Number of protein chains: 4
Amino acid sequence: MTAARSSRRAGDRPRTRSAERRPKSPSNGRAGSPRPDKHAAAATPKSERSRDLILQSAAQLFRRQGFSATTLRQIAARAKIKAGSIYYHFDSKDEILDEVLDRGLRHVFETVKTAIERAGKVSHRRRVGLAIEAHLVALLETSDFTSANIRIYGQLPEHLKTPHRPLRRAYAEYWDRLFLNARRAGEIRADIEIVPLRMFVLGALNWTIEWFRLENRDAVLELARRTEMLIFEGVRKP
Amino acid sequence: MTAARSSRRAGDRPRTRSAERRPKSPSNGRAGSPRPDKHAAAATPKSERSRDLILQSAAQLFRRQGFSATTLRQIAARAKIKAGSIYYHFDSKDEILDEVLDRGLRHVFETVKTAIERAGKVSHRRRVGLAIEAHLVALLETSDFTSANIRIYGQLPEHLKTPHRPLRRAYAEYWDRLFLNARRAGEIRADIEIVPLRMFVLGALNWTIEWFRLENRDAVLELARRTEMLIFEGVRKP
Amino acid sequence: MTAARSSRRAGDRPRTRSAERRPKSPSNGRAGSPRPDKHAAAATPKSERSRDLILQSAAQLFRRQGFSATTLRQIAARAKIKAGSIYYHFDSKDEILDEVLDRGLRHVFETVKTAIERAGKVSHRRRVGLAIEAHLVALLETSDFTSANIRIYGQLPEHLKTPHRPLRRAYAEYWDRLFLNARRAGEIRADIEIVPLRMFVLGALNWTIEWFRLENRDAVLELARRTEMLIFEGVRKP
Amino acid sequence: MTAARSSRRAGDRPRTRSAERRPKSPSNGRAGSPRPDKHAAAATPKSERSRDLILQSAAQLFRRQGFSATTLRQIAARAKIKAGSIYYHFDSKDEILDEVLDRGLRHVFETVKTAIERAGKVSHRRRVGLAIEAHLVALLETSDFTSANIRIYGQLPEHLKTPHRPLRRAYAEYWDRLFLNARRAGEIRADIEIVPLRMFVLGALNWTIEWFRLENRDAVLELARRTEMLIFEGVRKP
DNA sequence: GATGAATGAGTGTTCATTCAT
DNA sequence: GATGAATGAACACTCATTCAT
């Protein structure tokens, strides 16, 4: 995430009222960061746990039913609180959406980058393969935020999409660089254009939310392997 | 459509009220059928034109905003009538959705089949290529119904999806047969499994709704050509 | 009203949505205007009668309890409709307030001006006396709109007051001219300043809402007579 | 206040709960009473200071926006505490209102009486003049409680007004006696009825809250002088 | 065939109030 | 003494739906 956008969220949209209420947003920009507390005791304060529960519940429902079909009362029920209580933690339904989207995209981005950085010196094909795998894992296995984001973003009204454009673009560019480097290195054919390729690949990956049902531990890895193969080798019998 | 499913829609779900009032649904299962009117005069009766306008409006809005974010008043406004008038033609918002979904899927299916049937004796790769092109044309160029269907289906509650399962399955099987035949004929590698392949391909095609903006006449054909190439050849430098 | 402000209301504030809904506001700027219909038949259309009933109900409740203590459900109950139905006629509670305030001020203004214009050539004291009487009649006898306006205006948030400033100023200036002319004519002492005088007089008049309870036909006229006397003669024994 | 009502407030309405918790209300009926603390040290205990701050904040907001438009959170914010903390000092929003109203009326009453008692042997006109001045000073200069009371009392629901009736009546009677004595002494014309006169005068005074903005030290005194003149002399050129 | 007017259930949101800490 | 977190009732407002005209 480093370059992409180091932090948003902290009061960057106009807050009309009730700044007095609500605790600080604990989202400190690093999704996978370790305990921010010095001493692991007192762990997560109650407030933060509630907040997270609400977001988690919202993400699941948004993903399943979409944003507008999801009721605050549904979110509350799933978080085992009452609808009104949500407003102790968030100013509006839109704000919940906002954070769900943000966490979702940060999560895939982080996951993909980490996977590639950890890999060290490997072939470009391997790098793309790792990205495919990481993207699918984030989408299908580890994060309701990511799958909610991918699934509902397109149908959102403009004003809800706007704040997320920069990070989306950054993620797209990250993939583009991946492909570009592979092409430069001769691991991808020279006649292939990067942007359509990225659209094609991410499309195939993202659409898995519509049909893939996680069954066993390795299902996603198997899917990733298969997908990478299709992308690189194509289906034609040589 | 012939084989797929010759007709549905006509009162296959319980109709609580007013079955007498409203005119029969003119969707008689055969899209291209000739005038059902006894005397060919009066072309399309006013009623049917209104009905179509409503459906068209609904499809556009569903596609853009999703089902639950779309209000009957928006649909009515776009069809230049008042919200109450919709109920002369439909029993409920769900019924509109139902027909939008149905027309949408029928349209791609029809388009794809027609394209392939017209082609006559060609290679299997060519057949798949034609299917890709036809699917993309239906999705991106000719039908708001198709794009609405593809885009919103996944987030619909179960009871709204149920009636559309058979036709969806039929369409999927149509593609499977296409790929199967190609594999049998040795135009697709033997180690490739059909179902994941179909998911991969249709995923890549369907996701185009999320980003493709129609600009010029041939844009879709160009996209189709590129996609076919990626699918068959892969990206690897040979 | 002629000079003061000939018309407002007709879509002069941004209407975010639902312009499609709701019938045109029938307030055509002239409060006491005769039937606007050509033929008295069909009299007031249903819509306009409902609208008026809502406004009337709102005015009474605003006057008694203030704006923010008055519920849309209370207004609806008094108008014998359901709360949701209000939105067929108005876009928001604020819009109702807006029209209540407007009608209220227009009504006193109209009443006072008419009384004076009708009087023709009379002494300035008589003119002031007629204005006092007319103001009190409007306030205490003929219009819940006027009493609501006078009573709640001061506690309203700024943005709800703003649109009514011009007409309020015009009314104040009308009184000022009345006093000014009387002073010029030597019917009021030369050392008396107009603005504080107007404040004093209108204050004494407006405060009557707080205690005056209409009992018999002539109570208001009697009150007016007494008030005029106090203002002109003072209480000192000569 | 002596005769009027020596004390109320202390548990004269049913107290459902927590009568034990909270500290006794320090309002012991005598505004200017000496420290009730045994040992004069510790001056005002923290509790009492918070209580006063809350009341002061409430008074200002009630006056500006009315009772029902004012939220406990606004009051708390202004008193620099959190909303929940208010309940350590008060049982309900109504109880705050109750004490604001009480302090407000006591304050004018006290102020007016003190002014007149201090004056000693003076003319009745002078006494009325002093009352006018004192009333205006309390209203416009020294007490948000008084202005809040005057401004919001009329719109309150019956059950909130009831407990304040006796003191209000006592204050009205105090003014009546002032005027009555003046009339007996021949300083006010014999044909003037006391009650309407009091209404007229207090109306003119009270309405000043609606427009008077304190600018310089003597503005209120100047206003008082002018008002007295208008009341006694009237506007007519002799 | 279509509309104007209304309804009732539900939505996001607010707010006085509670209470464990 | 005060707060953080929550609650439940109510609020303004929306929307699919109804139905007389």
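Just so it is clear: chains get the letters A, B, ... in the order the sequence lines come, proteins before strands, and each one is counted from 1. Everything quoted here is computed from the prediction, not taken from an experiment.
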S.K.: What is the distance, to the nearest angstrom, from the OH atom on A:Tyr88 to the P atom on F:dT3?
M.R.: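 Atom OH in A:Tyr88 sits about 11 Å away from atom P in F:dT3.
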S.K.: Taking Watson-Crick (N1-N3 plus N6-O4 or O6-N4) and G-U wobble (N1-O2, O6-N3), each under 3.5 Å, can you produce the dot-bracket string of DNA chain F? Use [ ] for crossing pairs and | for inter-strand ones.
M.R.: .||||||||||||||||||||
S.K.: Drop me the distance from D:Ile54's CD1 to D:Ile86's CD1, to the nearest 0.5 angstrom.
M.R.: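 With rounding to 0.5 Å, CD1 (D:Ile54) is 5.5 Å from CD1 (D:Ile86).
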S.K.: Does a side-chain N or O of B:Ser92 approach OP1 or OP2 of F:dA16 to a distance below 4.0 Å, or not?
M.R.: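 No.
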S.K.: What is the distance from CG of D:Asp91 to P of E:dT17, rounded to the nearest Å?
M.R.: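 Distance, rounded to whole Å: 9 Å.
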S.K.: Any N or O donor-acceptor pair under 3.5 Å from the base of E:dG10 to the side chain of A:Arg73?
M.R.: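 Such a pair does not exist between side chain and base.
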S.K.: Distance check needed: E:dA2 C1' versus B:Arg49 CZ, whole Å only.
M.R.: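 So the two atoms are 14 Å apart, to the nearest Å.
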S.K.: What integer distance in Å separates C:Ile86:CD1 from F:dC15:P?
M.R.: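 It works out to 17 Å between those atoms.
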S.K.: Taking the side chain of A:Leu72 as heavy atoms from C-beta outward, which of E:dG4, F:dA16, E:dG12 is closest to it?
M.R.: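 Minimum distance to the A:Leu72 side chain belongs to E:dG12.
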S.K.: Test side chain to side chain contact (heavy atoms under 4.5 Å, CB included) on A:Ile75 and A:Thr70 and set out the steps.
M.R.: CA-CA 8 Å; A:Ile75 296 173; A:Thr70 298; 3.8 Å; yes
S.K.: Does the ring of B:Tyr87 carry B:Lys93 above it, NZ/CZ under 6.0 angstrom from centre and within 45° of its axis?
M.R.: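 No, cation not above the ring by the 6.0 Å, 45° rule.
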S.K.: Quick check for you: to the nearest 0.5 Å, what is the distance between B:Leu53 atom CG and B:Ile81 atom CD1?
M.R.: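 B:Leu53 CG to B:Ile81 CD1: 8.0 Å, rounded to 0.5 Å.
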S.K.: Roughly how far apart, to the nearest Å, are E:dG1 and F:dT21 at atom C1'?
M.R.: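 Pairwise C1' distance, E:dG1 against F:dT21, rounds to 13 Å.
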S.K.: Please tell me if A:His89 has a side-chain N or O lying less than 4.0 Å from either OP1 or OP2 of F:dA6.
M.R.: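 Looking at the OP1 and OP2 atoms of F:dA6, one of them is under 4.0 Å from a side-chain N or O of A:His89.
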S.K.: Between C:Ser85 and D:Lys80, which has a closest nucleotide on DNA chain F that is more 5'?
M.R.: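 Whichever sits nearer the 5' end wins; that is D:Lys80.
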S.K.: Can a donor-acceptor pair be found, under 3.5 Å and without considering hydrogens, that links the side chain of D:Arg51 to the backbone of D:His89?
M.R.: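 Such a contact is found between D:Arg51 side chain and D:His89 backbone.
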S.K.: Are the charged groups of A:Arg103 and A:Asp52 less than 4.0 angstrom apart, N to O?
M.R.: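 Judged by the 4.0 Å cut-off on N to carboxylate O distance, A:Arg103 and A:Asp52 do form a salt bridge.
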S.K.: Roughly how many Å is it from CD1 in B:Ile81 to C1' in E:dG4, rounded to a whole number?
M.R.: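 Computing the B:Ile81:CD1 to E:dG4:C1' distance gives 14 Å.
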S.K.: If you compare every side-chain N and O of D:Ser50 against the phosphate oxygens of F:dG1 (OP1, OP2), does one of them come in below 4.0 Å?
M.R.: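 For F:dG1, OP1/OP2 do not have a side-chain N/O of D:Ser50 under 4.0 Å.
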S.K.: Between C:Thr71 and B:Lys93, who's closer to the 5' end of DNA chain F by nearest nucleotide?
M.R.: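 Here C:Thr71 is the residue nearer the 5' end.
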S.K.: Measuring to OP1 and OP2 of F:dT18, would you say a side-chain N or O of B:Tyr87 lies under 4.0 angstrom away?
M.R.: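 For F:dT18, OP1/OP2 do not have a side-chain N/O of B:Tyr87 under 4.0 Å.
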S.K.: Please state how far atom NZ in A:Lys82 lies from atom P in E:dG12, giving the value in whole angstrom units.
M.R.: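 After rounding, the gap between these two atoms is 17 Å.
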S.K.: Let me know which of D:Thr162, D:Asp94, D:Leu101 forms a side chain to side chain contact (heavy atoms under 4.5 Å, CB included) with D:Leu156.
M.R.: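 Exactly one pass, corresponding to D:Leu101.
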S.K.: Sub-3.5 Å donor-acceptor pair from the side chain of A:Thr71 to the main-chain atoms of A:Gln74, do we have one?
M.R.: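 No, the answer is negative, given that no donor and acceptor are paired below the 3.5 Å cut-off.
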S.K.: Measure from CG on C:Asp94 to P on F:dC11 and round the result to the nearest Å.
M.R.: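 Interatomic distance, CG of C:Asp94 to P of F:dC11: 16 Å.
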S.K.: Quick check: on DNA chain E, is the nucleotide nearest D:Phe67 upstream (toward 5') of the one nearest A:Thr70, or the reverse? Name the residue that is more 5'.
M.R.: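 Closer to the 5' end of DNA chain E: A:Thr70.
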S.K.: Nearest-Å distance, CG (D:Leu61) to P (E:dC15)?
M.R.: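 From D:Leu61 CG to E:dC15 P: 13 Å.
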